[in-house]
Amino acid sequence: MEKISEMTIIEYKYDSEEEREQHVKWMESQGFECSGQIRKSDDSLLDENRKYYWFGSNSKKF
């Protein structure tokens, strides 16, 4: 058996855009790549009043 790759994906929920931006910069300095998605909702797609939050998904390939 031979491992050919390994990837870590870490997702975060933030209180503000500023907090997200600062954390994304730090994660990138640690070798992680940001997916680019900035907002997310856990509500149904059919919900007209969906609530969104600041979001970040970072991955790193080893």
Checklist entry - Got a second to check how far Glu11's CD is from Asn58's CG, nearest 0.5 Å? => result 9.0 Å
Item to check | Min side-chain heavy-atom separation Phe55-Arg39 under 4.5 Å | outcome: no
Next on the checklist: Does the plane of the ring in Tyr14 sit parallel, tilted or perpendicular to the ring in His23? Use 30° and 60° as the thresholds.
Outcome noted: tilted
Next on the checklist: Within this structure, what is the CZ-OG1 distance for the pair Phe62 and Thr8, rounded to the nearest 0.5 Å?
Outcome noted: 4.0 Å
Checklist entry - Looking only at heavy atoms, what is the nearest atom pair of Ser41 and Arg50, with distance? => result CB-NH2, 3.5 Å
Checklist entry - Does Phe32 reach the side chain of Ile10, with side-chain heavy atoms less than 4.5 Å apart? => result yes
Next on the checklist: Ignoring hydrogens, what is the shortest heavy-atom contact between Asp43 and Asn49? Give both atom names and the distance.
Outcome noted: OD2-O, 4.3 Å
Checklist entry - Cut-off 3.5 Å, side chains only: do Asp42 and Tyr53 have a donor facing an acceptor? => result yes
Checklist entry - Quick one: does Trp54's side chain get under 4.5 Å of Lys40's, heavy atoms only? => result no
Checklist entry - Would you find a donor on one side and an acceptor on the other, under 3.5 Å apart, between the side chain of Glu19 and the backbone of Asp15? => result yes
Next on the checklist: Quick check: is Tyr52 connected to Val24 through a chain of hydrophobic side chains (ILVMFWY, heavy atoms under 4.5 Å apart)?
Outcome noted: no
Item to check | Exceeds 12 heavy-atom contacts within 6.0 angstrom, atom CD of Glu33 | outcome: no
Item to check | Distance-minimising heavy-atom pair for Glu6 and Lys3 | outcome: OE1-NZ, 2.8 Å
Checklist entry - Which atoms form the tightest heavy-atom contact between Arg20 and Cys34, and what is the distance? => result NH2-SG, 3.4 Å
